[in-house]
Amino acid sequence: MFFSKRDLQFNLYQLLDVEQLVQYPYFQDHNRESFDMVLDAAEQIADKMLRPLLTEMDRNEPQLVDGKIRVHEGMKAITRRFGEDGWINATFRYEEGGQQLPATVHNAAAFIFQAANYSASVYPFLTTGAANLIRSFGSPELIDTYTPNMYNGRWQGTMALTEPNAGSSLSDISTSAEPTKTAGVYKIQGQKIFISCGDHDACENVVHLLLAKIKGGPVGTKGISLFVVPQQRVTPEGLVPNGVTTAGVYHKMGYKGAPIAHLMFGSDTDCLGYLVGEEHRGLSYMFQMMNEARVGVGTNAAAIGTAAYHASLAYAKERPQGRPIAAKDPTQPQTLIIHHADVKRMLLFQKSVVEGSLSLLLQCGLWADIAHVAQGTDKERAELLLDLLTPIAKSYPSEMCCQTTSAAVQILGGAGYTTDFPLEQYYREARIHPIHEGTTGIHGLDLLGRKITLKGGKAVQLLAEEMSLAIAQAKAAANEPKLTIWAEQLEKAMLKVQQVTGHLLAIAPQNVEAFLADATLYLEMFGITTIAWQWLKQATEANKKLADANADSERHFYQGKIATAHYFFEYELVKTTALAKRLLSQNQATVEMQPEWF
């Protein structure tokens, strides 16, 4: 078992009421039955195709052979299956061959794939993001030329941003685009590194969505344009090489089944790129894919953390060792380690993080769906809330699931450090997510430096309204005093976040460096408070359903939710007190530190 279908159902149908989306014409052909069919199909593919290759893809990582990256043979069947079954364009319109499936449900299915085999799940959904950019901003000719074969899985899609001297600092990219005599066609020259699925033999062609600067254009980010750069150029005679050379493949500590390529463009022969949209607007276009990808990275992290949690839980229920603290008689049989308080603490830590993260991520999916189909104030509300919480939805699961997978390894002890169990692989694979799609530090700067003041602070006000509603509902549950206690704790945490925010914003005009120096800690404090809100919602719903639960399995599920919320408020939310103390301090140790002193 690598995920909980019951927890997915709880989030989709009880917490979010995802069926509310079918009131919109775009989703009107769907219902609970079709959503369940999607999740069942995802589970079947995950069980039969992805999960069996988890270890093999880790042990037999991609290799560069004669200028081509060779990946696990099983990826050919997997990419075909994702294309044939419509997973790549499932959320797109019927006219494009899509299913008009809500992103919330699609993300839940993706979570299943990612928990089964993260490396294998990456290939198709990179293509989804790339194809979405082309269909959103590309010309009809670009759309017709490239998206059909991307949708059917024959062509891979990528996002090509990073360069050797320009990682997160995209204003410094040097890849150039020189106009040709044909409108919209440019000669591309430069190199890109760390390109996920940038080259491999499980597809016929790779379509790069690439950022470059048109010669003579504005400096910095204002001069960045977006191009479709295929590995194989489309001609009337068929596919021909397009001057894209694979210079190397990176060998990573985890996530080894998906290749990460170093690519050269136009180094030997002409490489043609096709302008997407208008000149010099590439970064704004690319941010659509990046923001979608950021929520996706959070989901990846939560999925790996979830798989690790279930692996350590299974082990704890089977492994006898030691005896209860109060029972020292060595003649008595050993107890299962799940009875030890410290093991339960580590399991609760994992459960609270991964299930709290999943709850927030699916909530973001619902807001994305509403933003897509609603109008007026409903649309604006969903857009603002999604914008505000994207850095948290990306960073909290990414950072915390590094810690939860470590706890999973710890539960197995020495066995967890061996390749006999998948925990060591999960531990390695979790570590990429605080780096992918913007480091945690960048998202801290984004949250504090941009999102907090969005529309004059309207996004923050809307989130406060959402949290206040959850607090009121918890307090209304008179049969469970703990809910009132947790609601009051969340209220205090919200007030502390507001106090810290006001303090930092007051500093900004005089000393912007001091204002943003601890933005990552601010992100952490905001993230913990946000997940506490999700756990209050979960505990309130579980308490409401517990009285009517007949089966033992259902009672245990709801009791587990309430107990995990209890843990989060007692062990995790309290961390915000120390973070607030640091953020309110006048001392600036990191600003004052000089490089020469290290």
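Quick caveat: nothing in here was measured; it's all calculated off a predicted structure. Atoms considered below: every heavy atom in the structure, side chains included; atoms not considered: hydrogens, waters and symmetry mates.
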- Nearest heavy-atom pair of L490 and T529: which atoms, and what distance? CD1-O, 3.7 Å
- Message: Can a donor-acceptor pair be found, under 3.5 Å and without considering hydrogens, that links the side chain of H30 to the backbone of Q100?
- Response: yes
- Message: For H372 and F27, take the angle between the two ring planes, folded into 0 to 90°, and tell me which bin it lands in: parallel under 30, tilted 30 to 60, perpendicular over 60.
- Response: tilted
- Task: Taking only Lys NZ, Arg NE, NH1 and NH2, and the carboxylate oxygens of Asp or Glu, determine whether E96 and R135 approach each other closer than 4.0 Å.
- Result: yes
- May I ask you to decide if A539's main-chain N or O and K544's side chain share a donor-acceptor pair within less than 3.5 Å? no
- Message: Checking side-chain polar atoms at under 3.5 Å, does Q489 have a donor or acceptor matched by the opposite partner on K492?
- Response: no
- Worked verdict on E554 versus K545 for salt bridge (charged side-chain N to carboxylate O under 4.0 Å, His left out): CA-CA 9 Å; E554 281 295 283; K545 298 295 185 182; over 6 Å; no
- H503 ring center within less than 6.0 Å of Y522 ring center: no
- Are the aromatic rings of F82 and Y123 close, with centres under 6.0 Å apart? no
- Task: For the pair R381 and E465, find out whether any cationic side-chain nitrogen is under 4.0 Å from an anionic carboxylate oxygen.
- Result: yes
- Do you see a donor-acceptor pair shorter than 3.5 Å between the side chains of Y558 and D548? no
- Counting distance only, does the side-chain N/O of Y285 pair as donor-acceptor with the main-chain N or O of E278 below 3.5 Å? yes
- W535 and K561: CA distance, side-chain angles, deciding distance, side chain to side chain contact (heavy atoms under 4.5 Å, CB included) verdict: CA-CA 8 Å; W535 272 113; K561 285 292 184 186; 3.8 Å; yes
- Message: For the aromatic rings, using the six-membered ring if either is Trp, is the centroid distance between F10 and F557 under 6.0 Å?
- Response: yes
- Message: Rounded at 0.5 Å granularity, tell me how far CG in L573 sits from CH2 in W533.
- Response: 14.5 Å
- Task: Spell out, as yes or no, whether a donor-acceptor pair under 3.5 Å connects the side chain of S136 to the backbone of N132.
- Result: yes
- Message: Check R93 with E95, please: is the shortest side-chain N to carboxylate O separation under 4.0 Å?
- Response: yes
- Task: Please report the C-alpha distance between T440 and E399 in whole Å, then the side-chain angles of each, then the deciding distance to 0.1 Å, and finally whether the side-chain hydrogen bond (donor to acceptor under 3.5 Å, both in side chains) criterion is met.
- Result: CA-CA 8 Å; T440 304; E399 287 287 350; 2.6 Å; yes
- Message: Per the ring-ring contact (aromatic ring centres under 6.0 Å, His included) rule, what does the pair list look like for residues 449-470, sequence neighbours excluded?
- Response: none
- Do N479 and N543 have a side chain donor and acceptor closer than 3.5 Å? yes
- Task: Could you tell me whether E380 and K458 make a salt bridge, using a distance below 4.0 angstrom between a side-chain N and a carboxylate O?
- Result: yes
- Message: Just checking Y186 against F227, ring centres under 6.0 Å apart?
- Response: yes
- Output for pair (L579 CG, T520 OG1), nearest 0.5 Å, gives 11.5 Å
- Message: Looking only at side-chain N and O atoms, does D369 offer a donor or acceptor that is under 3.5 Å from a partner on Y24?
- Response: no
- Could you verify whether a donor N or O on one side chain and an acceptor N or O on the other, from Y151 and T127, lie under 3.5 Å apart? no
- Message: Can a donor-acceptor pair be found, under 3.5 Å and without considering hydrogens, that links the side chain of T299 to the backbone of V295?
- Response: yes
- Item | ring pair (Phe, Tyr, Trp, His ring centres under 6.0 Å) involving H280 - partner list, sequence neighbours excluded | none
- Query: ring pair (Phe, Tyr, Trp, His ring centres under 6.0 Å) with H433: which residues, sequence neighbours excluded?
  - Reply: Y118
- Looking at side-chain heavy atoms only, is the closest gap between I528 and Y396 below 4.5 Å? yes
- Query: Are side-chain N/O atoms of Q473 and K537 paired as donor and acceptor at under 3.5 Å?
  - Reply: no
- For the residue pair F568 and W486, is the inter-centroid distance of their aromatic rings smaller than 6.0 Å? no
- Looking just at side-chain N and O atoms, do Y274 and S139 make a donor-acceptor pair shorter than 3.5 Å? no
- Is the closest basic N to carboxylate O distance between K475 and E491 below 4.0 Å? yes
- Using distance alone, with no hydrogens and no angle criterion, decide if H106 and T91 have a side-chain donor and acceptor under 3.5 Å apart. no
- Task: Taking Q156 for its side chain and G198 for its backbone only, find out whether a donor-acceptor pair lies under 3.5 Å.
- Result: no
- Item | Any donor-acceptor pair under 3.5 Å from K213 side chain to A177 backbone | no
- Task: Kindly indicate, with the supporting measurements, whether the criterion side chain to side chain contact (heavy atoms under 4.5 Å, CB included) is fulfilled by V185 and L275.
- Result: CA-CA 6 Å; V185 182; L275 183 68; over 6 Å; no
- Is there a donor-acceptor contact under 3.5 Å from the side chain of S357 to the main chain of V354? no
